Amino acid sequence: MKRLPRLCWNLISSPFTCPSVIGIFVLVYIGIAFITDDALIVLMELVRRNGILVLLLALLPIASLARLIKEIRCFRSGYQISTGDPSHDGASLFDEAVELETAAPFDGIEETIRTQGYTIRKEENRLAAWRGITHAPARLIFLLATLCLYSGIFISLIFRTSYRGPVIEGEPMPGLSQDGGIVERIRLENGKGTILSKRLTIDVAPSGQGGGQASFGIYPPGLYQGSFVYPRYLGIALLVRFSAPDMHGTFEKHAVLNMYPAGKEAEVQIPESPYKLVTSLAEPDDGLDPYITGRMVFNVKLSKDKDVVLSGVLPGGGELNREGYCIAFPDYRRMVLTDFIQDYGVYFIWGALSLYGIALLYWLPVRVFFPRREMLFVRGGINDMVTAYSRTEGRERSHNSLFHNLLDMLDIGKIQPGG
């Protein structure tokens, strides 16, 4: 019965587990890509709804945790070996293990090791020598970062909630909560960056519950009442007023139109009538962005069935009257179509990226300038034979040369590779 838990542990903690799981998801993604262009979105929805895929995805953080535990055990065992704990021979922790048919004392090699800059800990039947700094902490941080990354992906895919709504100047802030503050102003300004040439800012007044004033840009996403704010598209919120000779009464509607930049058209269908209103922002004469200046002029085209019956230019707040038709935009405001996402997995993903950076900053100088090199000589067994162990995390050539020179000094008789 003990073999089954050990087998499960070996499978979960194997370095091949996570790549295998990722490979399965890649194959599923490729299969979906043959069916639809939105393969990634379909895959995310499929994972949320399929219990087997959920369990398979959960295996990623579980396997990462198992690898982290396994690495901590190896680090602890290595420390116990270097301190001379006789209960650990450490064969599995070293790169090379050699059995020596000799009972020669360690005194002959001790001085040679010391002159090469190694620190020595010597006991009656053991001699441990090491030099440099181990990059084991970097490995632990790396595995912890991987655990955070996979945990974040799992939480994001399974527990993420989102809402998309228009953010309009002068209107309450939409979102998952119903008690948002008032959007005071939406500002689009020329930026100084070479990649992002413009900067978008949304200013929100305090909510009724005493929250402070908030301001949101494009990146990094802001956090509002527990939701991340992701502005997606710019547009205009228009109050459309329309009447025609063959219509009873006047049509009036607050329309949220995705009609930015200038020239991009948006439609307003007049219900229970053959009329359709197509409008777009006109190119300004002064060359300034109307979304920045707030001075907006609209190109208007009125269609009846498939025929255009009226077209013209209408300034914001103005009115166009012709042949019995009346089109007016009494009110117009800036609008940003925005995603409000509650996603606690983002914190884990950001933490993972930070930990990856810390691991790299630790690993790189240690690997280049202070690589860890270790040797262990243990006397015991039949005829007090010596078993020598060696491992290195860098500068293998010089370390291995020294190690084999020490073996020659101990006058070896038979070498059996192991480890």
Side-chain angles (χ1 to χ4, degrees), residues 162-176 178 180-188 200-205 216 229-284 289-340:
S162 64
Y163 167 79
R164 174 171 290 186
V167 175
I168 304 172
E169 286 181 319
E171 297 294 326
M173 188 76 164
L176 297 173
Q178 302 299 320
I182 301 298
V183 180
E184 289 186 330
R185 188 182 179 188
I186 298 174
R187 294 176 289 146
L188 183 66
L200 175 70
T201 306
I202 302 173
D203 297 326
V204 182
F216 306 99
V229 179
Y230 292 91
R232 294 303 186 189
Y233 310 105
L234 302 182
I236 308 296
L238 278 178
L239 176 58
V240 179
R241 188 176 295 159
F242 171 72
S243 62
D246 55 349
M247 286 181 57
H248 298 287
T250 300
F251 168 80
E252 185 171 307
K253 177 184 179 182
H254 290 276
V256 176
L257 305 177
N258 181 11
M259 51 187 298
Y260 180 86
K264 185 177 182 179
E265 295 183 339
E267 298 181 356
V268 177
Q269 185 69 47
I270 311 301
E272 300 179 357
S273 79
Y275 293 104
K276 179 176 67 176
L277 187 65
V278 179
T279 182
S280 64
L281 276 173
E283 293 285 353
D289 193 321
Y291 210 94
I292 295 178
T293 63
R295 300 187 299 269
M296 299 184 185
V297 178
F298 302 93
N299 294 319
V300 180
K301 183 170 60 177
L302 179 65
S303 300
K304 183 177 183 180
D305 295 324
K306 296 183 179 181
D307 299 325
V308 177
V309 296
L310 178 65
S311 62
V313 178
L314 178 60
E319 187 175 287
L320 178 63
N321 287 288
R322 192 182 303 168
E323 300 175 3
Y325 296 100
C326 179
I327 304 173
F329 298 151
D331 186 27
Y332 63 97
R333 305 178 189 181
R334 298 179 184 87
M335 181 275 298
V336 181
L337 193 63
T338 306
D339 288 340
F340 298 86

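These figures come from a predicted structure and were not determined experimentally.
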- Heavy atoms only: give me the nearest Ala255-Val268 pair and the separation to one decimal. CB-CG2, 4.1 Å

- Task: Not counting sequence neighbours, which residues clear side chain to side chain contact (heavy atoms under 4.5 Å, CB included) with Thr250? List them please.
- Result: Arg241, Ser243

- Minimum heavy-atom separation for Pro290 to Met296, with atom names? O-CE, 3.8 Å

- Message: Glu272 vs Phe251, test: side chain to side chain contact (heavy atoms under 4.5 Å, CB included). Steps then yes/no.
- Response: CA-CA 10 Å; Glu272 300 179 357; Phe251 168 80; over 6 Å; no

- Does any non-hydrogen side-chain atom of Leu320 lie less than 4.5 Å from one of Leu310? yes

- Note on the structure: What one should report as the nearest heavy-atom pair of Pro231 and Val336 is CB-CG1, 3.7 Å

- Task: Drop me the distance from Phe340's CZ to Ser162's OG, to the nearest 0.5 angstrom.
- Result: 11.5 Å

- Message: Using side-chain heavy atoms (C-beta onward) and a distance below 4.5 Å, is Val183 in contact with Glu171?
- Response: no

- pair Asp339-Tyr163: side-chain heavy atoms closer than 4.5 Å: no

- Query: So Leu200 and Leu234, side chain to side chain contact (heavy atoms under 4.5 Å, CB included) or not? Walk me through it.
  - Reply: CA-CA 10 Å; Leu200 175 70; Leu234 302 182; 3.9 Å; yes

- Task: Nearest 0.5 Å please: distance from the CG atom of Asp305 over to the NZ atom of Lys276.
- Result: 10.0 Å

- Item | Gap separating the CD atom of Glu184 from the CG atom of Asp203, nearest 0.5 angstrom | 6.5 Å

- Query: Does CZ belonging to Arg185 count more than 12 external heavy atoms closer than 6.0 Å?
  - Reply: no

- Looking only at heavy atoms, what is the nearest atom pair of Val309 and Glu323, with distance? O-OE1, 4.2 Å

- Query: Say you draw a straight line from OH of Tyr332 to OG1 of Thr279; how long is it, rounded to the nearest 0.5 Å?
  - Reply: 12.5 Å

- Any side-chain heavy atom of Leu188 within less than 4.5 Å of one from Tyr260? yes

- Gly324 versus Pro245, closest heavy-atom pair with distance: O-CD, 3.5 Å

- State whether the side chain of Arg334 and the backbone N or O of Tyr291 hold a donor-acceptor pair below 3.5 Å, judged by distance alone. yes

- Message: How close do Pro330 and Leu239 get, counting heavy atoms only, and between which atoms?
- Response: CD-O, 3.0 Å

- Message: Using only atom types and a distance under 3.5 Å, with no angle test, would you say the side chain of Arg322 pairs donor to acceptor with the backbone of Ser311?
- Response: yes

- What distance do Asp289 atom CG and Arg295 atom CZ have between them, rounded to the nearest 0.5 Å? 11.0 Å

- Between Glu169 (side chain) and Ile186 (backbone), is there a donor-acceptor pair under 3.5 Å? yes

- Query: Tyr275: what forms a ring pair (Phe, Tyr, Trp, His ring centres under 6.0 Å) with it, not counting sequence neighbours?
  - Reply: Phe242, Tyr325

- Message: Quick one, Met335 with Leu337, criterion side chain to side chain contact (heavy atoms under 4.5 Å, CB included). Give me CA distance, side-chain angles, the key distance, then yes/no.
- Response: CA-CA 7 Å; Met335 181 275 298; Leu337 193 63; 4.3 Å; yes

- Message: Between Leu277 and Val300, is the side chain to side chain contact (heavy atoms under 4.5 Å, CB included) condition met? List the steps.
- Response: CA-CA 7 Å; Leu277 187 65; Val300 180; 3.4 Å; yes

- Are any of the side-chain heavy atoms of Leu281 and Lys264 separated by less than 4.5 Å? no

- Query: Got a second to check how far Leu238's CG is from Leu257's CG, nearest 0.5 Å?
  - Reply: 5.5 Å

